Amino acid sequence: MNEFSLIDRYFKNISFQREDVILGIGDDAACLRVPVDMDLVVSTDTLVEGVHFLADWDAYDIATRAVLVNVSDMAAMGAIPCWTTLALTLPSLNEGWLQRYSKGLADSLGVYQIALVGGDTTRGPLTMTLTMHGLVPKGRGIKRSGAKVGDLIMVSGDLGAAALAVSFLDKKNELSDEVVKKLLQPTPRVDLRDFLLQYATSAIDISDGLAADLNHILQASQVGACINLEKIPVHPTVKQHHHEFATEFALRGGDDYELCFTSSPDNASEIERLGLSCHCIGIVEAELGLRAVLLNGDKIPLATAGYSHF
Ligand code: ADP
Ligand code: MG
């Protein structure tokens with residue numbers, strides 16, 4: 001098998017077919033039709049062996065995770081993911097691995113009705129880069145920079161389980177499947193898209209940890225925030241394992257791919273009425289920086305450093 005038969009066998013026909021793909025895999029470039037009333041939203045994420053996944057992971061899970069983390073970026077923008085390209089670097093031609101990888105890719109792209117429309121295949125250390133293309137109604141893409149003083153700070157679901165799974169990587173069988181899945185197959189919150197488009201003033205997906213990612217919103221919006229640590233939704237298994245450190249774990253742990261967003265306080269009752277399992281953890285303030293309010297009312301500064309590759 002050579003590079004071209006590999007592409008034909010494992011990538012060319014695996015993916016969801018969409019009518020807006022004018023040209024997909026097989027030409028020098030893909031050609032896609034963007035509706036006139038939509039903006040094109042583009043994001044790229046790279047996964048590197050030893051950094052984002054380990055060599056002994058099932059290739060199915062690696063492919064799935066690569067798709068889901070890219071879909072999560074679309075969710076944070078309020079966009080519908082539509083098309084993706086894949087730049088894949090493989091150390092060798094391992095057909096068993098490619099079969100699992102291709103199946104993981106096909107299954108996860110199928111769930112979100114995303115077409116694989118092109119890519120590049122090279123030899124080298126195992127690395128993959130997906131570039132996701134999505135659509136958002138014209139001018140409505142949700143930015144990090146829209147948070148306003150007085151806005152509520154919301155989190156879309158439980159935090160900390162993925163980081164817990166990372167800390168158990170060599171003894172995964174001690175955790176429930178549900179917790180391991182939070183790491184291997186996170187659920188990008190595309191289900192919140194209509195809600196976010198209507199109510200969010202800013203949004204980000206939580207990949208590096210709540211404190212670090214919320215801080216990106218604060219910096220982009222040139223505001224600060226005060227949060228109540230008691231209000232952070234901590235996954236129950238994290239509470240079992242870490243007791244008094246559970247909140248800290250949820251605040252710092254990455255890889256959950258829930259959303260953190262801000263919304264006007266006028267929407268508080270509407271958010272509650274919709275019952276979307278979103279939790280209000282604090283308020284946007286004019287004073288820059290991230291703080292936590294203690295039970296006695298005192299405020300303490302919170303560290304916001306997240307994972308940095310350099
Ligand atoms: P080029 O020489 O123009 O770079 P390639 O020979 O690299 O083209 O790729 C041939 C076709 O296969 C192109 O349409 C490209 O987008 C597609 N392709 C290559 N690798 C992948 C991949 N891993 N996944 C999906 N499509 C791919
Ligand atoms: Mg090429």
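One-based numbering, in listed order, for ligands and for the atoms of each. In what follows, every heavy atom counts, from backbone to side chain, and hydrogens, waters and symmetry copies are set aside. Worth saying up front: this structure is predicted, and the values here are computed from it rather than measured.
- Short contacts between ligand 1 and Gly26, defined as distances under 4.0 Å to a heavy atom of the residue, involve ligand atoms 11 (C), 13 (C), 14 (O).
- Minimum heavy-atom separation, Val179 to Ala161: CG1-O, 3.7 Å.
- Checked by distance only, ligand 1 and Phe4 stay at 3.5 Å or farther apart across all their nitrogen or oxygen atoms.
- When only modelled atom types and interatomic distance are considered, Ser202 and Ser221 share no side-chain donor-acceptor pair under 3.5 Å.
- Counting atoms of ligand 1 from 1 in the listed order, those under 4.0 Å from a heavy atom of Asp120 are 7 (O), 19 (C), 20 (N), 21 (C), 23 (N).
- Interface atoms of ligand 1 facing Asp28, defined by a heavy-atom separation under 4.0 Å, are 3 (O).
- Looking at Ala87, Gly119, Ala30, Gly24 and measuring to atom 27 (C) of ligand 1, the nearest heavy atom belongs to Gly119.
- A heavy-atom distance below 4.5 Å is found between the side chains of Ser43 and Met132.
- A 4.5 Å side-chain heavy-atom check between Trp97 and Leu90 finds at least one atom pair inside the cut-off.
- The stretch residues 73-96 participates, sequence neighbours left out, in these salt bridge (Lys or Arg N to Asp or Glu O under 4.0 Å) pairs: Arg9-Glu95.
- Tyr10 does not count as a contact of ligand 1, since none of its heavy atoms falls under 4.0 Å from the ligand.
- Atoms of ligand 1 lying under 4.0 Å from any heavy atom of Thr121, numbered from 1 in the order shown and given with element: 19 (C), 20 (N), 21 (C), 22 (C), 23 (N).
- Residues in residues 255-266 take part in these salt bridge (Lys or Arg N to Asp or Glu O under 4.0 Å) pairs, two or more places apart or across chains: Arg65-Asp255, Arg189-Glu258.
- Of all the heavy atoms of Ile25, the ones lying under 4.0 Å from any atom of ligand 1 are found in both the backbone and the side chain.
- Only the backbone of Asp27 comes within 4.0 Å of ligand 1, judged by heavy-atom distances.
- Between the side chains of Asn2 and Ser5, at least one donor-acceptor pair of N or O atoms lies under 3.5 Å.
- When each atom of ligand 1 is checked for a heavy atom of Gly118 under 4.0 Å away, the hits are 16 (O), 24 (N), 25 (C), 26 (N), 27 (C).
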